[in-house]
Amino acid sequence: MTGPDGKYDRATLLAAVQIIFGIVIFSSSWWLSAEQAKSSALYIFGFMTVLLGIVTGIFLSSRRS
């Protein structure tokens, strides 16, 4: 998570934030009742956000090397 000079790596930090945000969206369908939200849409958005975070981490870290 930190670079050679001790600073935080922005690519890893951005990917981690997206993955955490996707997990929160995915799990929020369990917190809300079926009348309050469409559970299947929250599952899809959460899953896609997690995948986007993984892809972001891979693409941005590959550009550094």
Could I get the full list of side-chain contact (heavy atoms from CB on, under 4.5 Å) partners for Phe45, not counting sequence neighbours?
->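 Partners of Phe45 under the side-chain contact (heavy atoms from CB on, under 4.5 Å) test: Ile25, Ala41.
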Looking only at heavy atoms, which two atoms of Ala15 and Gly53 are closest? And how far apart?
->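 Smallest heavy-atom distance, with atoms named: CB-O, 3.3 Å.
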Quick one: list whatever passes side-chain hydrogen bond (donor to acceptor under 3.5 Å, both in side chains) with Thr49, sequence neighbours left out.
-> none
For the hydrophobic clusters of this structure (ILVMFWY residues joined by side-chain heavy atoms under 4.5 Å, transitively), does one cluster hold both Ile44 and Leu52?
->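 No, Ile44 and Leu52 fall in different hydrophobic clusters.
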Just distance, no hydrogens or angles: give the donor-acceptor pairs under 3.5 Å from side chains in residues 17-24, sequence neighbours left out.
{"from": "Gln18", "atom 1": "OE1", "to": "Thr56", "atom 2": "OG1", "distance (Å)": "3.0"}

Can you check whether Phe47 and Phe26 have ring centres sitting under 6.0 Å from each other?
->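 No, too far apart.
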